[in-house]
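First up is the structure itself, then whatever we jot down about it.
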Amino acid sequence: MGKLIDESGRRTDGRGPHEMRPLKLEVGILKNADGSAYIELGRNKIVAAVYGPKEVHPRHLTLPDRMLIKCRYHMSPFSVEERKPPQPSRREIEISKVMREALEAAIITDQYPRTALDIFVEVLESDGGSRGASITAASLALANAGIPMRDLVAACAVGKVDGQIVLDLNDVEDKEGEVDMPVAYMPNLDRITLLQMDGKLTIDEFKAALDLALRGCRQLYEAQRRALYDHYFSSAQQEVSK
Amino acid sequence: MDDLRGRKYVVPGDLVAGGRSLRAGENTYRVGNSIYSTAVGIVEVEDGEVRVVPLEGKYVPRQGDLVVGVVTDYNAVAWTVDINSIFYGTVLVRDLVRRGSRGRAAISEVLNVGDVIVAKVLNFSVNRDPLLSIRGLGLGRVTEGEVVRISPRGVPRLLDRRERLNKLIEEATGCELTVGMNGLIVVRGTPDGILLAAKALRLVDSEPRREVLSRALRDALGIGGKEGAGERVGEADR
């Protein structure tokens, strides 16, 4: 105990308890996809790509009243310290499912019935909190593909490390900390679309953790908006202010 | 108008307008007293309705639209046409081939796989694939020229009634453009003209801002000069 947070309250990577890792977001990085985005959060490096809406294959999976959304979260074999077998693991299948549900809440699926939408997320380098970073990036890729959405979805993790509630766990904190709690959130609508938790928290700790997570998501949301504005309107803003 | 938040460029979830005086149009939705955007785009207000003109997204067919497509398959009933949309288009065989002579050879003689066609959308709803027709003036199989692809979101810029950029390109390159609402454009003319027109169309594709675009386009077409061009710029500014 006490080795993940030192006497002065600094974490293993020098951050304070409520500080997020350095973030970089980019929109429209793939030419062949209908929409794409890239995120770096600490040492996480993740690419998200969206294809669609398009016809559903195989045909019998077609939903008569809404869009079929498929999502694949995948970690590259070289994304972790020891080679990860390329076939989807139990964990990746689970993350694919919860990601799809977290994003589907934002997508207006009944606007294009009988169509399919593919969301691919590839983790190139992993550093803890990758499902949150993946949702954040995938939501930008959806906007880039022109998929109608109620709001952008931002997601990050909070947790308990050495008895303290901290924001945005890194790899070591994720593995050796007491609690890991990823949260996805639509800030404009004030709706949570994903909430998972590993470990135990008291009710007061949970409230503090959730509050911290939502603050983290709002911070990410601002960065998402900035990334979209930079991609689409950077020179336009100057044009308007003239 | 007072309800508009003055924001011109929006991303999904952004507040477009508040209050009750405006109706929520295309690519927006209302929650209580607020109207939010569902797309990355530019806000427009017309007749008490706010809408967001999207900068991304696939072509969604509308009845009456002119589209350019490629025949991908056919059977005894219909041809299937790739119209660069979320759905494939359908052209009915019974519209074009007389009953009694609807053999495989007779059908493929009218339209074959790989043919480029200019067609009109007869009927479309999200519950039914778009029905196309190639009977009519200017419609039918394309026998000459090149197809240039741009984003379907660039087409309204090209056909803008004030700027008339398609006419501008036609005059400057000596080509004839058939603009499909789905972003496929048939260009007919001399090889040099087609190359120049393709370059101009790519510019329309990449620049969403009207003022910047018309200036850049005139430069690219080499009509940014004094006499004739000055007159056109004035026209565009009106």
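Keep in mind it's a predicted model, so treat the numbers as computed, not measured.
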- prompt: Just checking, any donor-acceptor pair under 3.5 angstrom between side chains of B:Asp65 and B:Tyr59?
  reply: yes
Examine whether an atom of [X] lies under 4.5 Å from a heavy atom of chain B, and if so say whether it belongs to the side chain, the backbone or both; otherwise answer neither.
X	value
A:Pro64	backbone
A:Ile107	neither
A:Ala145	backbone
A:Ile108	side chain

- request: Give, as side chain, backbone, both or neither, the part of B:Thr28 having an atom under 4.5 angstrom from any heavy atom of chain A.
  value: neither
message: So for B:Tyr29, is it side chain, backbone, both, or neither that comes closer than 4.5 Å to the heavy atoms of chain A?
response: side chain
message: Would B:Asn27 and B:Arg51 count as a side chain to side chain donor-acceptor pair (under 3.5 Å) here? Give the steps.
response: CA-CA 6 Å; B:Asn27 301 303; B:Arg51 59 194 184 112; over 6 Å; no
query: Taking atom NZ of B:Lys199 as the centre, does the number of heavy atoms from other residues, nucleotides or ligands within less than 6.0 Å exceed 12?
result: no
- request: Decide if the gap between the ring center of A:Tyr221 and the ring center of A:Tyr185 is smaller than 6.0 angstrom.
  value: no
task: For the pair A:Asn144 (side chain) and A:Val27 (backbone), establish whether a donor and an acceptor sit closer than 3.5 Å, ignoring hydrogens and angles.
output: no
